[in-house]
Amino acid sequence: MLSFIYMNHSIWEKQSFLSYDFIVVGAGIMGLSVAFELRQKYPQSSIVILERGLLPLGASTKNAGFACFGSPTELLHDINLMGESAAIHLVAERIEGLRILEERLGKEKIGKSELPGYELIFKNELHQEVLDNLNKSCYSIFNTAMYKDVTDKINSFGFGDNVKQLLECKQEFQIDSGMMMHNYKNLVQQHNIEIINGAEVVDVDHGKVSVSSSLGIIDLKAAHVFLCTNAFVNQLLPQVEVVPGRGQVIVTKPISNLSVKGSFHFDEGFYYFRNVGDRLLFGGGRNLDFKNEESSEFSSNPTIIEDLIHKIDTIIFPNTAYEIDYSWQGIMGFSSSKLPQVIKVDAKTTYAMACNGMGVALSPFIAKKLIAEL
Ligand SMILES: Cc1cc2nc3c(=O)[nH]c(=O)nc-3n(C[C@H](O)[C@H](O)[C@H](O)COP(=O)(O)OP(=O)(O)OC[C@H]3O[C@@H](n4cnc5c(N)ncnc54)[C@H](O)[C@@H]3O)c2cc1C
């Protein structure tokens with residue numbers, strides 16, 4: 001009778017593929033940022049990123065490509081929710097995150113376009129005094145007033161006459177999310193960080209990571225595991241209080257003489273639109289159907305899509321012919337406090353999420369802080 005154990009893995013696989021210093025789960029902007037910071041701090045360590053999709057399958061390549069940190073009405077909402085000091089602190093962290101991203105990859109590789117950001121106001125115009133107070137609170141961030149009333153520019157964009165006020169933020173800019181993520185992935189790989197796609201993690205327990213594969217479940221080991229799975233965390237850790245929020249996005253076919261250039265928001269950030277070349281990208285409307293959009297399924301919501309189209313016809317392009325080309329969805333993660341979540345799950349597992357629809361800006365900052373404090 002044979003007395004040795006049968007193993008699924010060869011000696012070579014066991015030596016080189018199944019054990020790492022660090023495993024990062026999720027190849028979105030948070031996963032890439034955490035892995036990059038780990039490499040800076042531990043140059044000799046072995047690091048792997050496990051990603052369930054062939055492409056990242058969450059928010060990072062499906063967002064609107066806004067490098068934003070809070071429109072005036074959104075900031076006023078946050079001040080109400082968490083107090084002035086916490087809300088302004090969050091704005092400063094988002095700006096720092098964007099600075100880190102740009103410094104790390106360079107302007108070209110994030111597809112930076114310097115077109116400013118704007119907020120459209122319909123009924124309750126913001127009095128100059130409210131704007132002045134906001135500018136005063138944020139003054140130390142840029143040493144200049146962040147928000148300016150440019151209502152005289154409304155006509156130049158061709159908006160409907162329901163738009164009563166326009167506020168500008170020159171410090172906002174646009175990025176090309178696809179280009180940024182592609183170049184970020186390349187940068188991480190150049191730093192000797194392995195990325196394995198098609199690796200769905202089904203369990204994490206004190207440094208043991210179980211991955212679903214065509215050969216069944218494969219267990220990997222790490223000294224520390226970072227879960228950067230954003231809105232999908234509950235599939236691994238049901239106890240974490242993060243709620244998914246789906247974002248619907250539509251894009252038009254190219255429009256000749258497109259007048260809308262820049263990044264635009266309205267309704268406390270619930271709606272956002274921009275030009276992508278000569279197309280219009282328009283997204284949002286979760287607030288119309290919170291219940292159904294609290295979902296991590298990638299599917300369309302006809303009520304919201306109809307509302308987006310209605311808003312194009314009545315607010316954005318009352319006088320411009322256009323055709324919708326296609327639509328998609330991205331899944332965001334939300335916490336009730338609107339604050340980033342860094343949760344030590346066990347001695348060898350940490351969950352990190354920048355959250356609340358501003359993760360492009362926040363993730364590089366949160367990752368830097370997390371690894372510096374490790
Ligand atoms: C429509 C839309 C508009 C947005 N607009 C902006 C904006 O203007 N400004 C801004 O700053 N942010 C914006 N965001 C938010 C921003 O995109 C996100 O906060 C950010 O991309 C989150 O990055 P992440 O890496 O944490 O998560 P994700 O990009 O969601 O990445 C998580 C990754 O984990 C993987 N994963 C999940 N579970 C597993 C598992 N079990 N095993 C293996 N892999 C797994 C997923 O496939 C995914 O690739 C927007 C998001 C959307 C959807």
Side-chain angles (χ1 to χ4, degrees), residues 23-35 48-71 74 90 93-95 97-98 101 117 172-175 177 180-181 184-185 195-204 209-213 225-237 242 244-251 263-265 269-274 281-286 293 296 298 304 308 327-335 340-341 351-367:
I23 293 179
V24 177
V25 185
I29 188 169
M30 181 61 96
L32 299 182
S33 300
V34 165
V48 66
I49 302 178
L50 303 174
E51 166 56 50
R52 62 181 180 168
L54 193 61
L55 306 175
L57 214 52
S60 299
T61 53
K62 296 179 183 294
N63 58 41
F66 281 36
C68 58
F69 27 83
S71 64
E74 190 171 8
L90 201 55
E93 290 183 347
R94 289 169 181 155
I95 290 165
L98 289 169
L101 188 66
E172 267 189 39
F173 55 95
Q174 298 177 336
I175 63 166
S177 297
M180 182 276 286
M181 284 297 292
Y184 209 171
K185 183 178 155 208
I195 301 181
I196 304 180
N197 289 92
E200 170 138 26
V201 172
V202 291
D203 192 37
V204 178
V209 175
S210 306
V211 184
S212 165
S213 83
V225 179
F226 293 91
L227 290 178
C228 303
T229 52
N230 198 22
F232 307 94
V233 63
N234 290 143
Q235 290 158 11
L236 293 170
L237 305 170
V242 165
R246 190 164 52 199
Q248 306 284 341
V249 185
I250 54 181
V251 70
S263 306
F264 301 81
H265 322 249
F270 277 115
Y271 293 88
Y272 38 87
F273 61 96
R274 58 168 283 185
L281 177 157
F282 185 26
R286 254 182 346 105
E293 293 304 278
S296 50
F298 289 88
I304 292 179
L308 293 176
S327 72
W328 69 86
Q329 304 83 39
I331 313 291
M332 296 166 271
F334 290 87
S335 66
Q341 303 290 301
Y351 167 68
M353 180 191 77
C355 82
N356 298 314
M358 291 268 177
V360 173
L362 263 180
S363 295
F365 173 80
I366 300 298

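Just follow the structure's listing: the first ligand is 1, and inside any ligand the first atom is 1. Worth knowing before you read on, the calculation uses all heavy atoms, side chains too, and leaves out hydrogens, waters and symmetry mates. Position 1 is the first residue of the sequence, and the numbers go up from there.
A 4.5 Å side-chain heavy-atom check between Met180 and Ile29 finds at least one atom pair inside the cut-off. In this structure, the side chains of Leu32 and Met181 come closer than 4.5 Å at one or more pairs of heavy atoms. Lys62 places none of its side-chain heavy atoms less than 4.5 Å from the side chain of Val249. No side-chain heavy atom of Ile95 sits less than 4.5 Å from a side-chain heavy atom of Phe365. The side-chain heavy atoms of Leu101 and Tyr184, taken from C-beta on, include a pair separated by under 4.5 Å.
Close contacts between ligand 1 and Pro56 involve ligand atoms 49 (O) [criterion: under 4.0 Å to a heavy atom]. Short contacts between ligand 1 and Glu200, defined as distances under 4.0 Å to a heavy atom of the residue, involve ligand atoms 42 (N). Residue-ligand proximity, Met30 to ligand 1, at heavy-atom distances under 4.0 Å covers atoms 24 (P), 25 (O), 26 (O). Close approach of ligand 1 to Cys228 (heavy-atom distance below 4.0 Å) involves ligand atoms 32 (C), 33 (C), 34 (O). When each atom of ligand 1 is checked for a heavy atom of Val360 under 4.0 Å away, the hits are 10 (C), 11 (O), 12 (N), 16 (C), 17 (O). Interface of Cys68 with ligand 1, defined as ligand atoms under 4.0 Å from a residue heavy atom, comprises 8 (O), 9 (N). For ligand 1, the atoms lying closer than 4.0 Å to a non-hydrogen atom of Gly26 are 33 (C), 34 (O), 35 (C). Heavy-atom proximity to Val249, at under 4.0 Å, picks out these atoms of ligand 1: 1 (C).
In this comparison of Ala354, Gly357, Gly330, the heavy atom closest to atom 10 (C) of ligand 1 sits on Gly357. Between atom 9 (N) of ligand 1 and the options Phe69, Phe66, Phe334, the minimum heavy-atom separation is to Phe66. Taking only non-hydrogen atoms, the option from Gly359, Ser60, Gly31, Gly247 nearest to atom 23 (O) of ligand 1 is Ser60.
Under 4.0 angstrom from ligand 1, the non-hydrogen atoms of Leu50 all belong to its backbone. Neither the backbone nor the side chain of Val202 has any atom closer than 4.0 Å to an atom of ligand 1 (non-hydrogen atoms only). At a heavy-atom cutoff of 4.0 Å, ligand 1 is contacted by the backbone of Ala199 but not by its side chain.
By the 3.5 Å distance cut-off applied to N or O atoms, Tyr272 is not counted among the residues near ligand 1. By the 3.5 Å distance cut-off applied to N or O atoms, Gly53 is not counted among the residues near ligand 1. Backbone and side-chain nitrogen or oxygen atoms of Arg52 are examined, and one is located within less than 3.5 angstrom of a nitrogen or oxygen of ligand 1. Looking at ligand 1, you'll find an N or O of Met358 within less than 3.5 Å of one of its N or O atoms. Note: no N/O pair closer than 3.5 Å links Ala27 and ligand 1 by distance alone. Between Asn63 and ligand 1, at least one pair of N/O atoms sits closer than 3.5 Å. At least one N or O atom of Ile29, backbone or side chain, sits closer than 3.5 Å to an N or O atom of ligand 1.
Ring orientation note: the planes of Phe298 and Phe232 are close to parallel, at an angle under 30° on the 30°/60° scale. By the 30° and 60° cut-offs, the orientation of the rings of Tyr272 relative to Phe66 is perpendicular.
If you take CZ on Arg246 and CZ on Arg286, they are separated by 11.0 Å, rounding to the nearest 0.5 Å. Atom CG of Leu98 sits about 12.0 Å away from atom CD of Glu93, to the nearest 0.5 Å.
Closest to atom 41 (N) of ligand 1, if we only count protein heavy atoms, is Val201 O, 3.0 Å. Here the protein heavy atom with the shortest distance to atom 38 (N) of ligand 1 is Thr229 CG2, 3.5 Å. Remark: minimum distance from atom 31 (O) of ligand 1 to any protein heavy atom is reached at Gly28 CA, 3.6 Å. The single protein non-hydrogen atom nearest to atom 22 (C) of ligand 1 is Asn230 ND2, 3.6 Å, given as residue, atom name and distance. In this structure, atom 30 (O) of ligand 1 lies nearest to the protein heavy atom Ala59 N, 3.0 Å.
The residue from Pro340, Ser33, Cys228 that alone fulfils the side-chain contact (heavy atoms from CB on, under 4.5 Å) condition with Ile366 is Pro340.
The shortest heavy-atom distance from Met332 to ligand 1 is under 4.0 Å. At least one heavy atom of Glu51 sits less than 4.0 Å from an atom of ligand 1. Not a single heavy atom of Gly283 sits closer than 4.0 Å to an atom of ligand 1.
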Margin query: Under the criterion side chain to side chain contact (heavy atoms under 4.5 Å, CB included), I'd like the reasoning laid out for Asn230 against Ile331: C-alpha separation, chi angles, the key distance, then a yes or no.
Written below: CA-CA 9 Å; Asn230 198 22; Ile331 313 291; over 6 Å; no
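Arg274 places a side-chain N or O within donor-acceptor distance of the main-chain N or O of Gly65, the cut-off being under 3.5 Å. Remark: the backbone N or O of Ala27 is paired with a side-chain donor or acceptor of Glu51 at under 3.5 angstrom.
Pairing each heavy atom of Ser296 with each of Gln235, the nearest pair is OG-NE2, 4.0 Å.
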